[in-house]
Visitor: 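Got a structure for you, questions after.
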Amino acid sequence: VPVALVLAAAWAGVETLRGVVLFDGYPWYLLAHPLAEWPPAVQSAAWLGADFTGFLAAMVSGATIDAAAAWRGRRAGRVPGVRVASAIVGGLLAVGLPLLGGRAIAAVDAVVADDPVAADRDRPLRVLLVQTALPQDNKIGWPLEDQVASLVRWLEMAREAAERSRRGEAGLAPAAPDLVIFPETMVPGFGFEPSVRQRLESLGDVRADFATAIEQLAADTGATVLAGTVHVASLDVEPVPGGGMRYVAGPRTNAVTAVGPGGPIDRYDKSFLTPFGETMPYISAWPWLEQRLLAVAARGMQFDLEAGPGDRRLELPRADGSSVHVAAPICFEITVPATVHGLVQGGDLPPADLILNASNDGWFGDSAGGRRRHAQIARLRAIEHRRPVVRAVNTGYSMVIDPAGRITDRLGAGDYGTMGLEGVLVADVPRPGRQPMTTAYARRGPVWPFLALGLLLVTAVAGSFRRPSVSG
């Protein structure tokens, strides 16, 4: 069995176990992720997904070992045919995949160029991405007065950017934004549930005004505001021993809520909770055990978020009367191929026009590497579905990624933008047009992980039947 096949099958099988099976799946630091830096090399993600691209990369690596073995055999007077064949296949992959990738990128560019953007219904989406810069330690202990000050500042930033967009001062043609997007959980408070807002108003709590302020921003800009927030389904109060009262929140979800001038339009609740960050795999089935482990290992941390239903999109109105369908994977969800596929393709609505990734990357602290890897994964999701991806991220990196996985707009300097910068990115995102692009991956879904496990099994069985060499 050639090393190329053994290495690729073993690598793909391990990545499947780690990224899909164990601990609900933690698909981080996979082989294909850093390859997103060179888009021509990763266009094969449109065939069977980024995991398949990693498999092909492992095959090329293994083929170099086979080539070296064949060269050594040639010098010894015997050339193993299987090694030669593996080396040839590896060479063809190393040369052919980037060439095919370049043709695929050219095809994407041709489709985008031919889109009837002159027709109003197909004009590009004007997005306004608010990048906040709230450190994670401040977010965990976020005093109410700081919540008010931060929200007021961010709203004013958004209004000023929307006005510059209307006047054509953002480096683009004059136009009002279609979407104003805030990062994950950066809109403080308890969400937009009417009964919760009424309860806060009755108690004279200033947080009742947070939802009103977002609605006013929608009215001022003429845009739909996508607000990353914690949605609370109900709110009550109870007395605290020794005097005073405290809030008792009903079911809570990590949500992106679409808000217009008249109030909420639609909402997506995060459906894949982050392992070890929002849920504890396996252990969360026993709340008493989860609480004891948290008390020992992460005192003060609570896993109290509910998972949403998944496989749905936001249907958002535009000023011209048309609508746009948005898949909105939140933070870590962009790393989970099956979740993103369900959000883009599943449900009753047409496939998504756009993938929105609202995220809080303040968890990475001062590390640029974690933020960069998060963005690399988002680039692969764009290729898999041939859909643009927009990222609004606390502490960076906020950007626009085209359907070929290239970063077309970013906030700040550098390849990915500027970490820790507070600001607003205004950009145009092409619509899919009358003939939206599709891919084999989009049609079939993430089937490769299961094929990889099967290939690993077949390779192991084939290796076990290898005839032992006879010496003497």
Side-chain angles (χ1 to χ4, degrees), residues 1-36 41-70 80-94 96-98 100-101 272 275-276 281-282 332 334-342 373 376-377 380-381 383-385 439-469:
V1 180
V3 174
L5 183 58
V6 172
L7 177 62
W11 198 288
V14 169
E15 286 196 339
T16 295
L17 291 173
R18 184 165 64 87
V20 178
V21 179
L22 299 177
F23 303 112
D24 297 337
Y26 207 93
W28 194 264
Y29 291 115
L30 303 185
L31 181 57
H33 294 169
L35 299 179
V42 292
Q43 297 302 310
S44 57
W47 304 343
L48 287 172
D51 295 339
F52 179 67
T53 297
F55 168 80
L56 295 177
M59 279 197 71
V60 172
S61 298
T64 62
I65 300 175
D66 286 322
V82 69
R83 305 295 187 200
V84 174
S86 174
I88 293 172
V89 170
L92 291 174
L93 288 174
L97 287 175
L100 290 174
F272 188 97
F276 308 107
Y282 314 132
F332 183 82
I334 195 71
T335 73
V336 186
T339 297
V340 177
H341 184 270
R373 182 55 50 87
Q376 289 169 346
I377 297 170
L380 291 167
R381 297 291 93 85
I383 296 169
E384 288 172 346
H385 295 277
T439 66
Y441 176 85
R443 291 190 296 271
R444 298 186 183 97
V447 298
W448 171 250
F450 305 101
L451 297 176
L453 288 177
L455 180 61
L456 177 61
L457 178 62
V458 170
T459 304
V461 171
S464 68
F465 283 106
R466 179 181 177 185
R467 291 184 299 173
S469 58

Visitor: Would you mind reporting whether Val3 and Thr64 have side-chain heavy atoms less than 4.5 Å apart?
Guide: no
Visitor: To the nearest 0.5 Å, tell me how far Leu380 CG sits from His33 NE2.
Guide: 6.0 Å
Visitor: Thr335 versus Arg373: any side-chain heavy-atom pair under 4.5 Å?
Guide: no
Visitor: Nearest 0.5 Å please: distance from the OG atom of Ser61 over to the CG atom of Leu31.
Guide: 7.0 Å
Visitor: Tell me the closest heavy-atom pair linking Thr53 and Ala45, and the distance in Å.
Guide: OG1-N, 3.1 Å
Visitor: Check the orientation of His385 and His341. Use parallel for under 30°, tilted for 30 to 60°, and perpendicular for over 60°.
Guide: tilted
Visitor: What distance do Leu457 atom CG and Leu453 atom CG have between them, rounded to the nearest 0.5 Å?
Guide: 9.0 Å
Visitor: Check whether any side-chain heavy atom of Leu100 sits under 4.5 Å from a side-chain heavy atom of Trp47, and report yes or no.
Guide: yes
Visitor: Mind checking the CG-CG spacing from Leu456 to Leu5? Nearest 0.5 Å is all I need.
Guide: 10.0 Å
Visitor: Do you know which two heavy atoms are closest between Trp448 and Phe52, and how far apart they sit?
Guide: CD1-N, 3.5 Å
Visitor: Nearest heavy-atom pair of Leu7 and Ala58: which atoms, and what distance?
Guide: CD2-O, 3.6 Å
Visitor: I'd like to know if the side chain of Thr16 and the backbone of Ala12 have a donor-acceptor N/O pair within less than 3.5 Å.
Guide: yes
Visitor: How about OH on Tyr29, more than 12 heavy atoms from neighbouring residues, nucleotides or ligands closer than 6.0 Å, or not?
Guide: yes
Visitor: Can you tell me how far CD1 of Ile377 sits from CD1 of Ile334, rounded to the nearest 0.5 angstrom?
Guide: 9.0 Å
Visitor: Compare every heavy atom of Leu455 with every heavy atom of Ala9, then report the nearest pair and how far apart it is.
Guide: CB-CG, 4.0 Å
Visitor: Between Arg83 (side chain only) and Ala68 (backbone N and O only), is there a donor and an acceptor less than 3.5 Å apart?
Guide: no
Visitor: Testing the basics here: between Ala50 and Glu384, what is the closest heavy-atom pair and its distance to 0.1 Å?
Guide: N-OE2, 2.8 Å
Visitor: Short question: side chain of Asp66, backbone of Ala4 - any donor-acceptor pair under 3.5 Å?
Guide: yes
Visitor: Where is the tightest heavy-atom contact between Ser86 and Ala63, given as atom of each residue plus distance?
Guide: O-CB, 3.5 Å
Visitor: Please examine the side chains of Tyr441 and Ser44, heavy atoms only from C-beta on, and report whether any two atoms are closer than 4.5 Å.
Guide: no
Visitor: Report yes if some heavy atom in the side chain of Pro337 is under 4.5 Å from a heavy atom in the side chain of Arg381; otherwise report no.
Guide: yes
